[in-house]
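Each remark here refers to the structure printed beneath this line.
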2 protein chains.
Amino acid sequence: MSNCLKIGEVARMVTCRIETIRYYEQQGLLPTPGRSEGNYRLYGREHVERLRFIRHCRSLDMTLDNVKLLLKFRDAPEENCGPVDALLDEHIGHVADRIVQLKLLEAQLRDLRGQCLSAKASKDCRILQALSPGKER
Amino acid sequence: MSNCLKIGEVARMVTCRIETIRYYEQQGLLPTPGRSEGNYRLYGREHVERLRFIRHCRSLDMTLDNVKLLLKFRDAPEENCGPVDALLDEHIGHVADRIVQLKLLEAQLRDLRGQCLSAKASKDCRILQALSPGKER
DNA sequence: CTTGACCCTATAGTAGCTTCATGGTGTTGG
DNA sequence: CCAACACCATGAAGCTACTATAGGGTCAAG
């Protein structure tokens with residue numbers, strides 16, 4: 001076996017924090033590694049690959065639950081991958097929705113910002129006024 | 001005094017949950033209201049206005065810390081409102097950044113999705129393959 | 001006098017980690 | 001030989017902005 005990597009080395013290889021690795025183990029995304037005499041976790045190549053898979057998914061903003069599901073399919077090569085496609089479609093939908101929302105938000109914020117273009121007394125600040133419904137007029 | 005509204009009525013007026021109102025009080029965004037004989041919180045018009053202000057800010061995705069700051073300026077009419085403008089500029093920056101990020105993300109996800117257009121065995125799924133760096137080729 | 005709608009407090013849970021407190025392991029230098 | 005230092009271990013708390021839950025009190029109507 002090539003289970004010889006300490007957690008710090010693995011963390012450096014996949015550029016994530018040691019605590020995050022332990023957290024993934026605790027959450028059941030990473031199998032419990034072997035231990036050294038001194039009770040240090042010892043990882044092998046398959047752990048590193050699995051971690052990279054997880055981090056890649058996370059960099060795509062997937063939830064850990066979704067990553068768990070993807071790992072299940074990764075672990076079952078004969079299973080039909082339809083749900084993987086569906087998961088991705090749904091995730092794309094979420095991201096697209098969020099973009100629309102944020103664009104609307106940005107427009108609102110810029111509009112608000114346009115109301116007070118120079119510093120003045122708060123009582124005259126149009127931004128604060130605009131944020132206070134019922135105090136309009 | 002017009003301190004006569006119970007928390008449920010206020011919640012209905014500003015369309016937020018009762019628990020949220022208590023939470024804001026606990027977090028120091030809403031002054032502690034008076035109490036009835038039966039120990040019920042009693043709110044007046046100024047509480048409702050403040051709550052609407054808070055909810056408006058939150059609908060613009062501001063953090064509670066930022067809302068706290070804005071409330072400070074709302075409470076100090078003679079203060080110069082420059083920091084308000086700055087806060088808003090920064091917030092707009094965050095939102096704009098996030099939009100850029102999410103657009104990149106969406107493109108990546110669509111690209112990934114394009115790799116597996118029909119359900120098949122997981123071991124042949126290009127999506128799972130693409131998510132597994134080191135297992136390429 | 002009981003039912004039901006409403007209110008109270010305190011505590012725990014959510015997501016995905018990060019930080020902290022406290023202590024063991026292992027290697028190197030004086 | 002031992003101290004210093006880097007590294008590792010565990011368990012618990014902290015972060016945001018709430019939401020939910022447990023276990024109880026208040027109040028008006030029937």
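Chain identifiers are assigned alphabetically (A, B, ...) following the order of the sequence lines, protein sequences preceding nucleic acid strands; residue numbering begins at 1 within each chain. Bear in mind the structure is a predicted one, so any value in this text is a computation, not a measurement.
- DNA chain C lies under 4.0 Å from no heavy atom of any residue of residues 94-109 of chain B.
- Put simply, the side chain of B:R98 never gets that close to the backbone of B:Q101: no donor and acceptor are under 3.5 Å apart.
- For the pair B:N39 CG and D:dG23 P, the computed distance is 21 Å after rounding to whole Å.
- One finds no side-chain N or O of B:R58 lying less than 4.0 angstrom from the OP1 or OP2 phosphate oxygen of D:dT16.
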*Kindly determine whether B:D65 and B:R58 satisfy salt bridge (charged side-chain N to carboxylate O under 4.0 Å, His left out), including the steps that lead there.*
CA-CA 11 Å; B:D65 270 358; B:R58 288 290 301 133; over 6 Å; no
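- If you take CG of B:L42 and P of C:dC7, they are 11 Å apart, rounded to a whole angstrom.
- Under 4.0 angstrom from either OP1 or OP2 of D:dC18 there lies at least one side-chain N or O belonging to B:R55.
- B:S132 pairs in a side-chain hydrogen bond (donor to acceptor under 3.5 Å, both in side chains) with only one of the listed residues (A:H56, A:E49, A:R74), which is A:R74.
- DNA chain D is contacted by both A:G8 and B:L64; A:G8 maps to the nucleotide lying nearer its 5′ end (nearest heavy atom per residue).
- The distance from atom CD1 of A:I21 to atom P of D:dC7 is 14 Å, rounded to the nearest whole Å.
- Sequence order on DNA chain C of the closest nucleotides to A:Y40 and A:Y23 puts A:Y23 first from the 5' end.
- Ion pair A:E25/A:R41 flagged as a salt bridge, since at least one NZ, NE, NH1 or NH2 atom sits closer than 4.0 Å to an Asp/Glu carboxylate oxygen.
- Not a single donor-acceptor pair under 3.5 Å links the side chain of A:H47 to the backbone N or O of A:L42.
- Using a 4.0 Å heavy-atom criterion, one finds that A:R22 contacts the bases of the nucleic acid, with or without backbone contacts as well.
- Residue B:R35 contributes atom CZ, which lies 13 Å from atom P of D:dC27 at whole-angstrom precision.
- In this model, the phosphate group of C:dC17 is not approached by any side-chain N or O of A:R17 to a distance below 4.0 Å at OP1 or OP2.
- Note: CD1 (B:I7) to P (D:dC27) measures 16 Å, nearest angstrom.
- Terminal axes of the helix from C:dC1-D:dG30 to C:dG30-D:dC1 (five pairs each, C1' rotation axis) are separated by 40°, to the nearest 10°.
- Within the structure, a side-chain polar atom (N or O) of B:T20 is placed less than 4.0 Å from OP1 or OP2 of D:dT19.
- Around atom CZ of B:R22, more than 12 heavy atoms belonging to other residues, nucleotides or ligands sit under 6.0 Å away.
- Rounding to whole angstrom units, CE of residue B:M62 and C1' of D:dA17 are separated by 16 Å.
- Between C:dC17 and A:Y24, a contact under 4.0 Å exists linking OP1 or OP2 to a side-chain N or O.
- Counting only heavy atoms from C-beta on, B:E19 has its side chain closest to D:dT19 among C:dC7, D:dT19, C:dC17.
- Residue contacts for A:T63: at a heavy-atom cut-off of 4.0 Å it reaches the sugar-phosphate backbone alone, with no base atom in range.
- At whole-Å resolution of the value, CD in B:E37 and P in D:dT26 are 11 Å apart.
- Within the 4.0 Å cut-off from OP1 or OP2 of C:dT25, not a single side-chain nitrogen or oxygen of A:R41 is found.
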